[in-house]
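First up is the structure itself, then whatever we jot down about it.
The sequence lines fix the lettering, A, B, ..., with proteins before strands; numbering per chain opens at 1. Reckoned from all heavy atoms, side chains included, excluding hydrogens, waters and symmetry mates.
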Amino acid sequence: MPPKKKYNPAALEKKWIEIWDKKELHKTNLKDPKKPKYYNLVMFPYPSGDKLHIGHWYSYAPADSWGRYMRMKGFEVFQPIGFDSFGLPAENYAIKTGIHPSKTTKTNTDYMRKQLAAMGAAWNWDAAVMTSSPDYYKWTQWIFLQLYKNGLAYRKEAPVNWCPGCQTVLANEQAQDGKCERCDSEVTKKDLAQWFFKLKKYAQKLLNYDGLDWPEKTKLMQQNWIGRSEGVNIDFPLADDSGKLTCYTTRPDTIYSVTFIVIAPEHPWVKKAVSGTEHEKPVNKVIDKIKKQTDIERTSETGKDKLGAFTGKYAINPVNGEKIPVYIANFVLMYGTGVVMADAHDQRDFEFAHKYDIPLKFVISGTGKKTSPKNAKEAHTDDGTLFDSGQFSGMNNREALPKIAEWLEKQGMGKRTVNYRLRDWLLSRQRFWGAPIPIVHCEKCGEVPVPDKDLPVELPKYVDFKPKGDGKSPLATSPKFVNTTCPKCKGKAKRETDTMDTFVCSSWYFLRYPTAGSKSHAFDKKILDKWMPVDMYIGGPEHACMHLIYARFIHHVMHDLGYVKAKEPFRRLVHQGMITKDGAKMSKSKGNVVSPDAFVKKFGSDIFRMYLMFMGPFTEGGDWNDKGIMGVKRFADRFWNLMIQPDGEGNDALVHKTIKKVTDDMEKLHFNTVIAAIMELTNASMKTGLTKTQKQSIIRLLAPLAPHLCEELWELNSGRGSVFNAQWPTYDESLLVEDTMTLAIQVNGKLRGTVEVSKDTEEKDVLTAAKAVENVAKYVSEGTLIKEIYIKGKMVSLVIKP
RNA sequence: GCCCAGGUGGUGGAAUUGGUAGACACGCAGGACUUAAAAUCCUGUUCCGUUUACGGAGUGCGGGUUCGAUUCCCGCCCUGGGCACCA
């Protein structure tokens with residue numbers, strides 16, 4: 001007997017990666033796909049010092065398996081990869097060490113490219129992008145200008161996060177929980193001129209998910225984030241005839257309960273109203289106090305204490321003519337109109353009224369209590385019947401709500417309005433390692449956009465990274481960069497020194513991939529219309545309200561401007577679960593980051609990725625441990641041995657059943673049960689062996705999950721060409737129906753036996769056979785049989801009475 | 001506080017238009033091979049009761065609907081995720 005060839009992952013994976021590369025197996029015909037297109041996308045990695053960790057593998061390997069599966073199903077698959085290479089860590093590292101971010105980025109991406117290559121995934125490297133490369137950010141700047149020219153980008157004074165310790169501006173993600181991530185100082189706010197995109201303008205459009213196959217959870221999260229609310233703007237005339245205050249409310253049914261008005265401290269009306277009065281001093285004192293509250297105080301329990309001051313002004317409740325006082329209050333935000341009508345049916349208003357001794361009245365009954373608001377401990381927030389509410393008394397408050405809104409509008413007292421919690425996107429960063437905002441400030445002409453032909457506005461090579469404490473980007477330290485001429489009047493001008501949020505770079509990278517390989521315009525309509533939208537997008541759920549909203553927004557804008565035909569960028573979205581280590585998120589600071597490299601070296605890419613997929617459901621994630629990897633290795637060895645055995649005679653029914661199960665589960669991305677099914681089939685076939693045809697079917701089933709292994713086995717079993725150019729196997733329905741079936745028999749709901757009958761046995765014969773089963777007969781004889789149920793193909797249920 | 005997802009053996013997990021709970025693995029125990037170990041193969045493995053067979057309990061807890069509930073309904077508890085003074 002010739003010596004059995006052993007499964008040697010290392011040699012075999014190296015061999016096939018080289019062959020695939022040489023034969024350009026993973027190139028996509030982007031210009032003229034001959035088969036239906038399939039755009040398979042993963043969220044690109046940030047090139048951090050940690051390199052690719054287990055989490056990346058956990059999402060990228062199954063994503064690759066999915067792409068290979070779609071390819072075998074007959075699609076022209078486009079599966080690109082790139083790097084989200086602008087961002088903070090590289091810059092922070094530069095501040096500490098003086099090493100230029102471009103250097104760090106290169107080191108990290110070089111290493112990660114090797115890791116990605118070792119995965120043996122079907123990446124289309126020709127289309128790779130790197131957001132920090134001028135070829136790329138040229139177009140990020142171009143997109144900015146498109147928004148600017150179409151009135152969707154503007155500059156306005158706004159508070160930014162400021163760390164007094166580091167003397168620098170912080171991005172939101174560096175200032176989590178109100179503390180600087182580096183020095184732990186409490187973050188304060190500083191007013192600086194900032195750039196915004198008009199995200200809010202797209203709020204309504206972003207609530208439409210027609211035709212999108214997205215997780216319900218993600219849609220819900222976005223909907224909550226966008227926060228649409230329907231309400232009424234109600235006008236309250238001021239008692240001194242100096243105008244009116246407009247309150248936004250979603251609860252017009254409580255209008256008869258309103259006994260005061262609260263207004264946001266930063267509302268411009270406040271300054272005017274108190275100016276020169278006896279209330280000016282106390283009001284300003286409270287405003288100062290509120291301003292000084294840090295984010296930590298504001299969100300802590302004690303920080304939630306109601307704080308305010310009387311403005312000295314009164315307004316008139318339009319529905320009953322009552323004179324009601326106007327207060328500033330810390331809990332009122334500049335949302336809606338920044339003015340809120342306050343009453344006894346809202347917990348916050350209630351607390352405020354009790355603190356400042358403002359009268360309250362209830363207008364909704366229902367709790368059965370007759371307590372007066374003054375003695376009550378809490379606001380009445382339950383629904384009930386209205387009283388003391390004019391013509392609406394006696395109605396249920398929820399039913400009255402729309403009627404009151406309508407009536408207010410008819411009376412000219414209010415107007416129905418929609419509000420969103422979503423705010424405009426603050427995109428400027430006072431940072432070095434990002435795409436410069438392509439704007440020039442000219443003394444004569446003001447803000448002037450850089451002409452398209454002058455793009456990209458390149459980052460200067462040499463700047464001083466150390467924070468200066470002036471709130472400016474390090475770009476401001478480079479005179480060569482800053483001093484320029486105005487594109488309009490050719491006079492002296494200065495460049496904008498802020499850079500863009502990295503989320504701007506990542507909000508369109510999927511639009512760049514299809515054209516990245518050619519030197520064409522990034523928005524080459526011929527290619528983009530062919531390839532957009534992305535058919536499958538796989539990435540973490542943590543991006544639900546940031547990246548996935550920004551990307552949809554930019555895509556919507558580009559659609560509206562006529563650059564892309566598709567309305568939405570991502571047709572199907574799937575989130576992988578998170579991999580933790582001992583229950584904690586993996587992070588450098590915790591020192592619990594697990595590298596995949598050692599496992600890949602020891603077991604090979606195929607076994608490692610199969611183990612990740614076998615661990616549990618793809619969308620669930622889990623806690624990392626390597627205990628079970630030997631089980632997958634054993635399986636791979638057995639699978640190999642089975643496939644190189646001389647041909648035998650396997651069970652065709654089982655093979656076809658497995659093809660069906662695997663196909664169904666692949667569609668749902670249930671990779672764990674796919675592997676289990678193939679394991680089962682492998683175990684069952686070890687003794688009998690398999691025919692050549694059966695082998696070829698099963699090799700194709702496992703190929704997306706263990707590409708190198710199956711490519712080799714495909715060759716050894718005389719498959720033609722690459723297994724990934726072979727068609728996904730189909731199954732024969734007629735082979736799935738079994739001749740006999742085993743039925744469970746229950747007596748009074750308890751399992752008492754089973755019976756085997758042929759598949760088309762009539763009901764009465766099945767029941768007879770069931771009752772004849774010894775153990776069943778024993779129970780039946782103990783009482784009177786009062787009911788017999790036969791569920792076809794499943795079971796028999798007998799009910800007896802003692 | 002509000003919204004969402006989930007809770008199944010020692011472990012990871014399977015199974016839901018309501019129909020034999022625990023597939024597939026890990027681990028563990030026993031056995032074969034071996035001078036021995038590793039590797040491999042075979043057998044067993046939810047728990048409790050005496051012996052293949054059998055009975056009882058069992059899918060976070062307490063009720064309910066049903067011939068039958070991990071699956072549906074009601075009320076709780078716990079874990080994870082998101083939002084958090086948005087009127």
Assign Asn683(A) to base, sugar-phosphate, or nothing according to its heavy-atom contacts below 4.0 angstrom with the strands shown. sugar-phosphate
Does a salt bridge link Lys633(A) with Asp637(A), judged by any charged N lying under 4.0 Å from a carboxylate O? yes
Base, sugar-phosphate alone, or nothing: which one does Val799(A) contact when heavy atoms must sit under 4.0 Å apart? sugar-phosphate
Side chain of Glu680(A) only, please: which of A23(B), A25(B), C26(B) is the nearest? A23(B)
Distance, nearest 0.5 Å, that separates CD of Gln645(A) from OG1 of Thr688(A): 8.0 Å
Please give the distance between the C1' atoms of G22(B) and C76(B) as a whole number of Å. 27 Å
Need one value for Met795(A): base, sugar-phosphate or nothing, where a base atom within 4.0 Å counts as base even if backbone is also close, heavy atoms only. base
CD/Glu782(A): more than 12 non-hydrogen atoms of other groups inside 6.0 Å: yes
At under 4.0 Å, does any side-chain N or O of Arg638(A) touch on OP1 or OP2 of A39(B)? no
Name the nucleic acid region contacted by Thr742(A), choosing base, sugar-phosphate or nothing; use a 4.0 angstrom heavy-atom cut-off, strictly under. base
Protein N or O to nucleotides 3-14 of chain B N or O, pairs below 3.5 Å:
| unit_1 | atom_1 | unit_2 | atom_2 | d |
| --- | --- | --- | --- | --- |
| G12(B) | O2' | Met615(A) | O | 2.5 |
| A14(B) | OP1 | Asn672(A) | ND2 | 2.9 |

Quantified in whole Å, what is the C1' atom distance between nucleotide G60(B) and nucleotide A5(B)? 16 Å
Using the P atom on both, measure G10(B) against G58(B) and round to a whole Å. 16 Å
Return the orientation label for the Trp425(A) and Tyr550(A) ring planes: parallel under 30°, perpendicular over 60°, tilted otherwise. parallel
Between C1' of C26(B) and CZ of Phe635(A), the distance in whole Å: 16 Å
Pairwise C1' distance for U8(B) and A21(B), with rounding to whole Å: 8 Å
Check for me whether Arg552(A) meets the cation-pi criterion with Trp214(A), that is, NZ or CZ under 6.0 Å from the six-membered ring centre and within 45 degrees of the ring axis. yes
Between U59(B) and A38(B), how far apart are the P atoms? Round to whole Å, please. 39 Å
Let me know, please, whether Lys687(A) or Tyr248(A) comes out on the 5' side of the other along RNA chain B by nearest nucleotide. Lys687(A)
Side chain of Tyr779(A) only, heavy atoms from C-beta on: which candidate in A87(B), G55(B), C24(B) is closest? G55(B)
Regarding Arg421(A), tell me which of base, sugar-phosphate or nothing describes its non-hydrogen contacts under 4.0 Å with the strands shown. base
Euclidean distance for C1', U16(B) against G6(B) (whole angstrom): 15 Å
Would you be so kind as to tabulate the donor-acceptor pairs closer than 3.5 Å made by side chains of residues 670-677 of chain A, with sequence neighbours excluded?
| unit_1 | atom_1 | unit_2 | atom_2 | d |
| --- | --- | --- | --- | --- |
| Thr673(A) | OG1 | Asp665(A) | OD2 | 2.7 |
| Thr673(A) | OG1 | His670(A) | O | 3.0 |

With a non-hydrogen cut-off below 4.0 angstrom, is Asn775(A) in contact with a base, only sugar-phosphate, or nothing? sugar-phosphate
Please confirm whether Tyr327(A) and Phe352(A) have ring centers closer than 6.0 angstrom. yes
Name the stems that RNA chain B belongs to, where each is three or more consecutive Watson-Crick or G-U pairs with both distances under 3.5 Å? B:1-7 with B:77-83, B:10-12 with B:24-26, B:27-32 with B:40-45, B:46-49 with B:54-57, B:60-64 with B:72-76
With syn defined as a glycosidic angle within 90° of 0 and anti as everything else, classify G9(B). syn
Not counting sequence neighbours, which residues clear salt bridge (charged side-chain N to carboxylate O under 4.0 Å, His left out) with Glu542(A)? List them please. none
N/O donor to acceptor pairs below 3.5 angstrom from side-chain atoms of residues 794-801 of chain A, sequence neighbours left out:
none

Considering only side-chain heavy atoms of Asn330(A), which listed nucleotide, C85(B), A25(B), G19(B), is closest? C85(B)
Salt-bridged, Arg416(A) to Glu230(A), with N to O below 4.0 Å? no
Cys545(A) vs Ile629(A), nearer the 5' end of RNA chain B by closest nucleotide: Ile629(A)
As a test of reading the structure: which of U20(B), A87(B), C24(B) is closest to the side chain of Ala744(A), going by heavy atoms? U20(B)
Could you check how far NZ of Lys219(A) sits from C1' of G82(B), rounded to whole Å? 17 Å
May I ask you to check whether Tyr420(A) and Gln204(A) show a side-chain donor-acceptor distance below 3.5 Å? yes
Across the strands shown, which category fits Arg228(A) at heavy-atom distances under 4.0 angstrom: base, sugar-phosphate, nothing? nothing
Numerically ordered, the residues 784-794 of chain A set in heavy-atom contact under 4.0 Å with RNA chain B is Lys787(A), Ile789(A), Ile791(A), Lys794(A)
Output yes when Asp424(A) and Lys198(A) qualify as a salt bridge under the 4.0 Å nitrogen-oxygen rule, no when they do not. no
Pairwise C1' distance, G75(B) and C83(B) [rounded to whole Å]: 26 Å
Between A23(B) and G9(B) - C1' atom distance, rounded Å: 14 Å
When you check the gap from the basic side-chain N to the acidic O, do Lys771(A) and Glu788(A) get nearer than 4.0 Å? yes
